[in-house]
There are 2 protein chains.
Amino acid sequence: MTHLDDLDKKILNLLQQNSKANIKEIALKIGLTQTPTYERIKRLEKNGYIEKYVAILNKEKIGFHVEVFCQVTLLVHSKDLITKFELAIHKIDEVVECFHVAGNYDYLLKIIVKDMNTYQNFLKNKLSVLDSVANVQSTFVMTSTKKTSILKLT
Amino acid sequence: MTHLDDLDKKILNLLQQNSKANIKEIALKIGLTQTPTYERIKRLEKNGYIEKYVAILNKEKIGFHVEVFCQVTLLVHSKDLITKFELAIHKIDEVVECFHVAGNYDYLLKIIVKDMNTYQNFLKNKLSVLDSVANVQSTFVMTSTKKTSILKLT
DNA sequence: GTTGAAAATCCGGGGGA
DNA sequence: TCCCCCGGATTTTCAAC
């Protein structure tokens with residue numbers, strides 16, 4: 001599978017919006033019948049274009065009220081310490097995203113927690129204790145204005 | 001619906017990992033039969049705990065190779081300009097997330113685009129042209145170390 | 001929470017442009 | 001190759017207990 005045609009792109013755009021849509025519905029929207037639509041989706045899954053299907057929850061409703069970005073600077077930048085740091089980050093549930101960035105600091109972490117206490121606990125007992133961490137600067141989210149997982153294919 | 005019991009939490013944790021799991025499978029994992037499991041899921045959907053179901057695509061495979069965080073400072077902070085800015089942001093496909101933050105700048109934007117050219121075009125023709133924008137600082141993602149949509153309920 | 005059964009959907013064989 | 005028709009298998013959905 002070397003490239004995506006227009007129908008594939010339409011399918012991916014639709015599935016990014018609502019993965020529970022049934023085949024009949026998707027088939028109708030893209031102008032095919034069920035079987036070819038079904039086969040295209042299976043092919044997209046099999047070839048790794050579609051990684052997974054997930055439920056998106058309402059953060060507030062389930063009690064996650066605090067979102068924070070952490071700018072982390074490491075002490076040294078040896079390969080060993082970087083690997084250790086990234087491994088440790090992976091195990092921390094509070095960290096939902098972690099990016100190695102090019103800029104004034106080394107890592108940008110996205111943290112989502114229930115409340116301020118949990119965040120302080122995370123900082124004090126989970127992040128700062130990693131011996132590779134030199135400095136952490138927190139930026140608190142006041143309101144989330146936009147949030148989408150849709151990458152528009154054209 | 002006032003609170004989530006352990007079984008609800010288990011269901012939500014499972015659906016965050018894989019929303020395509022069928023009811024039978026989920027029922028088995030949480031130790032219930034199909035009908036009560038089905039009813040719990042419907043209840044969680046109806047009450048807004050579950051917002052939506054989406055497909056997560058492989059960014060690289062579909063050709064999105066550049067991720068950037070933009071720190072945006074506004075010129076003035078009148079309610080009117082803020083509303084205008086947020087509205088404009090909503091219409092820009094390249095912006096997948098936008099946060100109003102408390103810190104040295106006003107907004108943190110997450111941008112995902114195909115390549116550098118698209119990013120430059122976004123900066124020059126879509127973001128900078130908004131008259132409320134005073135300053136933009138870009139932080140480029142070199143590698144994405146962790147990325148999850150799972151909020152672990154306990 | 002359980003059983004059971006109707007309705008909807010998925011899935012794939014076989015065939016045609 | 002890509003698509004369509006069609007029917008059996010599977011799942012979802014819901015009523016009755």
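All figures in this text were calculated on a predicted structure; none of them were measured in a lab. Chain A is the first sequence line, chain B the second, and so forth, proteins listed ahead of strands; every chain is numbered from 1.
A/Ile23 places its CD1 atom 5 Å from the P atom of C/dC10, with the value rounded to the nearest Å. At whole-Å resolution of the value, CZ in B/Arg43 and C1' in C/dG1 are 13 Å apart. C/dG14 atom P lies 16 Å from atom OH of A/Tyr38, rounded to whole Å. Spacing between atom CD of A/Glu45 and atom C1' of C/dC11 amounts to 13 Å, rounded to whole angstrom units. Spacing between atom NZ of B/Lys24 and atom C1' of D/dA9 amounts to 11 Å, rounded to whole angstrom units. Taking atom CD1 of A/Ile26 as the reference point, atom P of C/dT9 lies 12 Å away to the nearest angstrom. When the C1' atom of D/dC14 is taken as reference, atom NZ of B/Lys46 falls 14 Å away, rounded to whole Å. The CD-P distance, from B/Glu39 to D/dT12, rounds to 14 Å in whole Å.
Counting only heavy atoms from C-beta on, A/Arg40 has its side chain closest to D/dC3 among D/dT11, C/dG1, D/dC3.
Screening residues 75-103 of chain A for salt bridge (charged side-chain N to carboxylate O under 4.0 Å, His left out) gives A/Asp93-B/Lys152, A/Glu94-A/Lys126, A/Glu97-B/Lys110, A/Glu97-B/Lys147 as the qualifying pairs, with residues at least two apart or on separate chains. For the side chain to side chain donor-acceptor pair (under 3.5 Å) condition, no pair includes a residue of residues 9-35 of chain A, sequence neighbours left out.
Sorted by residue number, the members of residues 27-34 of chain B with any non-hydrogen atom under 4.0 Å from DNA chain C read B/Leu32, B/Thr33.
OP1 or OP2 of D/dT13 sits under 4.0 Å from a side-chain N or O of B/Lys42.
Taking the centre and axis of the six-membered ring of A/Tyr49, the NZ or CZ atom of B/Lys61 falls inside the cone set by 45° and 6.0 Å.
Checked by distance alone, A/Thr35 brings no side-chain donor or acceptor within 3.5 Å of a matching partner on the base of C/dC11.
Using a 4.5 Å heavy-atom threshold, the side chains of A/Ile11 and A/Arg43 count as separate. The closest side-chain heavy-atom distance from A/Leu74 to A/Leu81 is not below 4.5 Å.
Clustering ILVMFWY residues whenever any of their side-chain heavy atoms sit less than 4.5 angstrom apart, transitively, puts B/Leu108 in a cluster other than the one holding B/Tyr119.
Side-chain contact of B/Asn121 with B/Thr118: a donor-acceptor pair under 3.5 Å is absent, judged by distance alone.
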